[in-house]
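Worksheet: one structure, shown below.
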Amino acid sequence: MTPQREDTAAAPVLRVAVPTPVHGAFDYLPPREGPLPPPGARVRVPFGRRSLVGVVLEHTRGSALPGHRLRAVTQVLDTQPLLPPALLGLLTWAAEYYRHPVGEAVCAALPALLRQGRPAVARGPTLYRPAPEAAAALDTLGRAPAQHRLLQRLLQSPQGLTAEALRGPEGRDLRHPLAALRDKGLVIPEHPPCLPPPGAPPQTPPELNPAQEAAVQALEQALGRGYSCHLLEGVTGSGKTEVYLRIIRATLAAGRQALVLVPEIALTPQLLERFRRRLDTRIAVLHSGLADAERHCAWLCARDGTAGVIIGTRSAVFVPWRDPGVILVDEEHDPSLKQQEGFRYHARDLAVLRGHREGVPVLLGSATPALETLANADRGQYAHLRLPDRAGGARAPRLRLLDVRRQFMDEGLSEGLLGRMEHHLEAGGQVLLFLNRRGFAPAVLCHACGWVAECPRCDARLTWHAGPGRLRCHHCGHETPVPARCPQCGGPLSPRGQGTERIQQALARHFPQYSAVRIDRDSMRRKGALEAAFAQVRSGHHRILVGTQMLAKGHDFPDVTLAAILDADQGLFSPDFRAVERLAQTVIQVAGRAGRASRPGEVLIQTHQPEHPLLTLLLQSGYAAFARAALAERREAGLPPYAALALLRAEATDPEAPGAFLEAARGHLQAHAPGDVQLWGPAPAPMERRAGRHRAQLLIHAPARRPLQATLAALPGLAHLPQARRVRWSIDVDPVDLG
Ligand code: ADP
Ligand code: ZN
Ligand code: ZN
């Protein structure tokens, strides 16, 4: 497309990101009067018959559309850029890299209220403060007792009070005396930021151990010196968070902001509390559970520099800041940092890129770094800092494989495990059991005829949830009551395999004297339930914890002395090449829950594969040795980080359509791909039918990112394939889940 030379007038054309699934930005004429909205400002634009809020990306001199067909911006919502240029650049780059419509990517970075066009101000309720001359003027108010009383109260609270606090429990109407005092200049109204200021003065930090000291020194030297990236590899409990806190303090002391990214599951009230106790600044918290007004406030306080610390889950990588200081990514290996739907970006990768573009240091922390990150450290791209020992004197736990072949298993608990549990419980310790499967049993079977309860819409079995007495599909949400008898032969039905519910039931039978709590998405649905359960664990009320991934991360249980992984084989049989890496990370994370305080811990891993080479290496020599061997395997197999992948997925109700589309797509992409790029497939997805739709995928395999991107540049052509009309398709660049 060549721009036409119709723009003889001086007025530039505005390229606007508009929230629609169409690729590319849209051109508009500036508003007929008033100032020109700068890049990063919101504007209201006509779009078809609708009016949408978009973001100006740039001013250009021409448009592919003839001038008389361009429509004008109808309203300018910001006179200053709402998204700073650097962030706008990151968003447009990411939209291009992950092949997502730029309008959706840019607009999704705004909180809902800003997307709807609300003004970009984040102020809390008005605070009333006494003026400096108020004390002296108190005596002059003898004839206005209401004003006198009010001013007297304010003088006792020089930091100011809100109208609500002034009104007090009696709810007296103070509008008149307040207005009178204001008119006399004795009371000054203030409009403070909506985020509360820090409470008590910060606690004094512990003395650092030598490894922490070395890490902090290296990082402090990097602060204020442009981009650099550091991997902080520290075993669980080694004091990584303590290192973060020091770096954040140094950043704040230099008048700059810190951006901290964490996986959803790790952003606990416990962690926030720790940050609040130690940092003398407002903290903007961003995660998916916020109300619109809370998100609006946190986002704007980050943007205008009111919050010294911004802490959030993956989408916080797109939060603007005023004084870029440092970016930290905790648990950088966590797959939840990759968005799996829509705009499929990786927050860790973008954090590194953001640091690079904005010239600030980046710190990636983990006990079990992603293989990609380790490879970058090996190549010298990242400095590698290590915390090899637990802080505060806790000893590392002993890890052992429990060979369950031919062992008697009661509901998934081997005799060996039951024996060790008894030992630890009697010695006063707590026990944590990890099983990544919710519900009572993952399958229901008729012993007489072999009938299995299957989801009518997916290639999956239904999970039995005993509590509500329902069968549920964990992939599409389908659910039905548990049938009383086999619908095929009328025989009795029996559960097969174990979920957390069933383990809890078995525990009640084996250890009736000890309270066991179940921690998973079903049992912790209510808001606050998780915190309440953890409080009861810390108080010692519960002695056994059984749960899923929710239990594995970020929480500190000082009295857990035995942790067990009930079914390691789950991770060994997965078709995904990352499954073993994930299993190793889970083992180390779960192990990190045992023996956090002074008691030594023990970790047991039940498996039918006690000779699995990578698993035994992990247990005998630790994660670093495991990672080395796993990286060698990846190199051998030509898999990431020694290759770059993208996954083209297609689905349709017609079983033939996805394959036909991907076959055509393959031909189209092959014609545009550099010679060293391979297209693998199309093949059925690991779960071929899901929610009533048939699914297939095509894997694009390139030796590096550049040839991969060159191939993906041909993607827009897929929309013109006749087969494309019969499917829904999507692209996942650098996929972390090949399902
Ligand atoms: P990580 O983030 O690596 O899991 P934490 O920073 O949470 O580790 O530290 C684990 C525990 O050790 C915490 O209770 C923390 O307060 C304590 N701790 C950390 N550093 C020190 C230190 N230098 N001296 C004493 N205790 C420490
Ligand atoms: Zn039957
Ligand atoms: Zn289903």
Side-chain angles (χ1 to χ4, degrees), residues 203-216 232-248 260 262-263 266 268 270-275 277-278 328-332 363-369 385-396 442 444-463 470-480 483-494 538 552-559 588-589 591-598 687-695:
Q203 274 180 355
T204 27
E207 193 97 20
L208 296 180
N209 63 38
Q212 287 173 315
E213 190 70 59
V216 168
L232 180 63
E233 181 176 7
V235 300
T236 17
S238 60
K240 291 183 295 297
T241 312
E242 200 52 53
V243 171
Y244 303 156
L245 288 166
R246 297 295 176 111
I247 298 313
I248 295 171
V260 185
V262 296
T268 57
Q270 239 178 320
L271 181 76
L272 288 175
E273 200 33 51
R274 193 160 162 203
F275 270 58
R277 276 201 310 266
R278 292 283 300 281
L328 312 178
V329 184
D330 189 26
E331 312 279 8
E332 62 83 32
L363 175 60
L364 310 177
S366 176
T368 52
L385 308 168
R386 292 182 178 84
L387 303 180
D389 302 308
R390 289 191 164 191
R395 267 187 288 151
V444 178
L445 181 86
C446 169
H447 196 51
C449 76
W451 178 86
V452 178
E454 282 174 344
C455 177
R457 310 171 66 214
C458 305
D459 290 332
R461 293 173 172 179
L462 295 173
T463 298
R470 317 243 335 147
L471 295 178
R472 284 193 187 133
C473 174
H474 285 187
H475 306 282
C476 73
H478 171 84
E479 64 171 89
T480 58
R485 329 218 107 246
C486 170
Q488 198 163 277
C489 76
L493 293 173
S494 57
R538 276 192 296 274
K553 284 179 213 162
H555 312 292
D556 210 351
F557 306 118
D559 294 327
I588 301 296
Q589 298 287 342
R593 305 301 125 219
R596 296 272 284 187
S598 49
M687 182 179 297
E688 195 174 343
R689 203 168 49 99
R690 183 167 174 165
R693 303 176 75 85
H694 294 266
R695 308 153 76 228

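When a residue number appears, it is its place in the shown sequence, counting from 1. Ligands are counted one by one from 1 in listed order, and the atoms in each one are counted from 1 as well.
- Using a cutoff of 4.0 Å between basic side-chain nitrogens and carboxylate oxygens, R278 and E242 are scored as salt-bridged.
- For the pair G239 and ligand 1, the shortest N or O to N or O distance falls below 3.5 Å.
- Within the listing of ligand 1, atoms 23 (N) sit less than 4.0 angstrom from a heavy atom of N209.
- With the Zn ion (ligand 3) at the apex, C455 SG and C476 SG define an angle of roughly 100° (rounded to 10 degrees).
- Note on ligand 1: R390 sits outside its first shell, no heavy atom being nearer than 4.0 Å.
- Coordination check, H474 versus the Zn ion (ligand 3): failed, since every N/O/S atom of the residue sits at 2.8 Å or beyond.
- Of all heavy-atom pairs spanning C486 and C489, the tightest one is SG-N, 3.3 Å.
- More than 12 heavy atoms of other residues, nucleotides or ligands sit less than 6.0 Å from atom CD of E273.
- The N/O atoms of G237, backbone and side chain alike, include one that comes under 3.5 Å of an N/O atom in ligand 1.
- Residue-to-ligand polar distances place T241 within reach of ligand 1: an N/O pair is separated by less than 3.5 Å.
- Across R278, E213, E207, K240, heavy-atom proximity to atom 1 (P) of ligand 1 is greatest for K240.
- Contact between S238 and ligand 1 is present, with at least one heavy atom of the residue lying under 4.0 Å from the ligand.
- Of all the atoms in ligand 1, the ones that sit under 4.0 Å from a non-hydrogen atom of E242 are 6 (O), 20 (N).
- Between K240 and E233 the shortest side-chain heavy-atom distance does not fall below 4.5 Å.
- For residue C446, an N/O/S atom approaches the Zn ion (ligand 2) to within less than 2.8 Å.
- In summary, an N, O or S atom of C473 is located under 2.8 Å from the Zn ion (ligand 3).
- Of all the heavy atoms in D330 and P263, the pair that sits closest is O-CD, 3.4 Å.
- The Zn ion (ligand 3) lies at 2.8 Å or more from every N, O or S atom belonging to H475.
- Side chain of R457 to main chain of G477: no donor-acceptor pair is present (N/O by atom type, distance under 3.5 Å, no hydrogens or angles).
- Using a 4.5 Å heavy-atom threshold, the side chains of R472 and L462 count as separate.
- The minimum heavy-atom distance between A691 and C458, with the atom names listed, is N-SG, 3.1 Å.
- Of all heavy-atom pairs between T236 and G592, the closest is OG1-CA, 3.2 Å.
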